[in-house]
Amino acid sequence: DAITYYIITDEAQAMNALTTGEVDIVLTVSGNYIQQVKDTAGLVLSQAPESRLSYLGFNLSDPVLSDKKVRDAISMAIDRKQIADGVYANGDGAASYLPVPITSWGYDASLESLVPAYDPEGAKALLAEAGYENGVGFPETTYLYNTDDKHQAVAEALQSMWKNVLGVEVTLNNQDWNVFLETRSKGDYSICRNGWIADYNDPVSFLDMFMTDNGNNDAHYSNAEYDAIMTKVLSDSDAAGRMELMHQAEDLLVGEDQAIAPLYYYSQPYMVADDVHGMYYTPLGNFLFFHATKG
């Protein structure tokens, strides 16, 4: 007949309340606590996939990063599975090569083959072709991210991969959220962390923001062909035609241009008592309790 919602800011206190039966659900759980309580009798761990993407933006006006070979090498040196499985020890994440998450309507896994996968030797060869064999002569490069423990762990993993695979030294720069947003919006970075969660379940929610004049285009990507495709998408009522056009846009964005480098898709880890039924978590980030029952 009712739901009581407690705001508990201390995760240890929240997990203790769950394991002692004081609460039935904890809506978000970090990796450390998942490992501790995931096998507790009477509790169920759920990993709900989200329509949410984490990706790298490149400063395309940078003299070095404007070279697609360099961007491809940087992307190919990233072991996305290691980040998804290792950095996110709780499984909160899945390796990503496409800008449209797997939960989105119209997702086409066949497009993944258009994007260079993890390939250390191929990455080294490309960087050498660009004039920086083994990283020699590669200029000072900074990775910008907002202050957060998980983002820092990802940043450190990327820094290590780029050093070990390419011989490239990358300096890490973290900023508080508001400062980070301003810096990123200005394009004052070499490589930066970025992310997006869909406003609605359609690929256009991820793709239209890379149009030249879109206010969310922090990657500062500009391609007249891409703009033309997306302009047609936004005015095309034919669902099949729209989808094919958006696949073309994806190919341009992360295939031909490698303007961004998708990293991983998010999931929402939560724990619930096994006698709670009918609760649903949407890929757009909402918990629904309309049909929830207990007992």
Side-chain angles (χ1 to χ4, degrees), residues 28-35 38 45 47-58 65 70-104 107 109 111-124 126-127 135 141-174 180 184 189-197 206 218-219 253-254 258-269 283:
T28 183
V29 187
S30 68
N32 290 336
Y33 286 102
I34 285 179
Q35 298 306 312
K38 68 178 182 178
L45 168 66
Q47 294 280 0
E50 295 183 300
S51 286
R52 188 178 177 192
L53 171 73
S54 178
Y55 65 93
L56 303 183
F58 297 107
L65 292 170
V70 172
R71 299 196 301 277
D72 278 342
I74 288 172
S75 180
M76 291 163 66
I78 300 171
D79 187 343
R80 290 164 171 82
K81 182 170 174 53
Q82 179 182 324
I83 291 176
D85 295 343
V87 175
Y88 285 90
N90 59 351
D92 179 13
S96 162
Y97 292 94
L98 294 175
V100 174
I102 196 168
T103 53
S104 180
Y107 177 86
L111 293 175
E112 293 177 5
S113 63
L114 300 173
V115 184
Y118 178 55
D119 181 358
E121 295 306 315
K124 290 177 186 177
L126 275 176
L127 197 67
T141 302
T142 301
Y143 176 71
L144 175 70
Y145 66 100
N146 56 297
T147 304
D148 175 275
D149 288 345
K150 280 189 177 181
H151 297 332
Q152 179 176 333
V154 171
E156 290 172 352
L158 291 171
Q159 182 186 47
S160 176
M161 292 171 189
W162 291 328
K163 171 63 176 176
N164 294 336
V165 174
L166 301 174
V168 170
E169 298 280 358
V170 175
T171 302
L172 304 183
N173 179 22
N174 69 297
F180 168 76
R184 189 176 67 182
Y189 60 81
S190 304
I191 307 170
C192 78
R193 180 207 157 260
N194 214 320
W196 190 256
I197 185 168
F206 290 92
D218 293 325
L253 181 66
V254 295
Q258 186 71 61
I260 64 169
L263 281 182
Y264 53 87
Y265 305 130
Y266 286 85
S267 65
Q268 174 69 32

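Between the CZ atom in Arg184 and the OH atom in Tyr189 there is a gap of 8.0 Å [rounded to 0.5 Å]. Here CD1 of Ile102 is found 12.5 Å from CG of Leu53. Values are rounded to the nearest 0.5 Å. Atom SG of Cys192 sits about 11.0 Å away from atom CG of Asn173, to the nearest 0.5 Å. One distance of note links CG of Asn164 with CD of Gln159; it measures 10.0 Å at 0.5 Å rounding. In this structure, Asn194 CG and Ser54 OG are separated by 8.0 Å, a value rounded to the nearest 0.5 Å.
The two residues Ser75 and Ala261 make their nearest non-hydrogen contact at OG-CB, 4.0 Å. For Arg193 against Phe180, the heavy-atom pair with the smallest separation is O-CZ, 3.3 Å. A pairwise comparison of heavy atoms in Phe58 and Ile74 identifies CE2-CG2, 3.9 Å as the closest pair. Nearest heavy atoms, Arg71 versus Leu65: NH1-O, 2.8 Å. For the pair Met161 and Ile78, the tightest heavy-atom approach, listed with the atom from each and the gap, is SD-CA, 3.9 Å. In this structure, Leu172 and Ala155 approach most closely via the heavy-atom pair CD2-O, 3.8 Å.
Looking only at side-chain heavy atoms (C-beta outward), Trp162 and Thr141 stay at 4.5 Å or farther from each other. Taking 4.5 Å as the limit, some side-chain heavy atom of Glu121 sits within range of a side-chain heavy atom of Asp119. Using a 4.5 Å heavy-atom cutoff, the side chains of Glu50 and Ser267 are not in contact. Put simply, the side chain of Tyr265 does not reach to within 4.5 Å of the side chain of Thr103, judged on heavy atoms. Between Leu56 and Tyr145, every side-chain heavy-atom pair lies at or beyond the 4.5 Å cut-off. For the pair Pro99 and Tyr55, the minimum side-chain heavy-atom distance is 4.5 Å or more. A heavy-atom distance below 4.5 Å is found between the side chains of Val168 and Leu127. At a threshold of 4.5 Å between non-hydrogen side-chain atoms, the residues Val170 and Leu158 do not count as touching.
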request  = Would you check, one step at a time, whether the test side chain to side chain contact (heavy atoms under 4.5 Å, CB included) holds for Tyr266 with Ile197?
outcome  = CA-CA 9 Å; Tyr266 286 85; Ile197 185 168; over 6 Å; no

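Under 3.5 Å, the side chains of Ser190 and Thr142 contain no donor-acceptor pair of N or O atoms.
Using a distance-only test at 3.5 Å, with no hydrogens or angles considered, no donor-acceptor pair links the side chain of Gln152 to the main chain of Val154.
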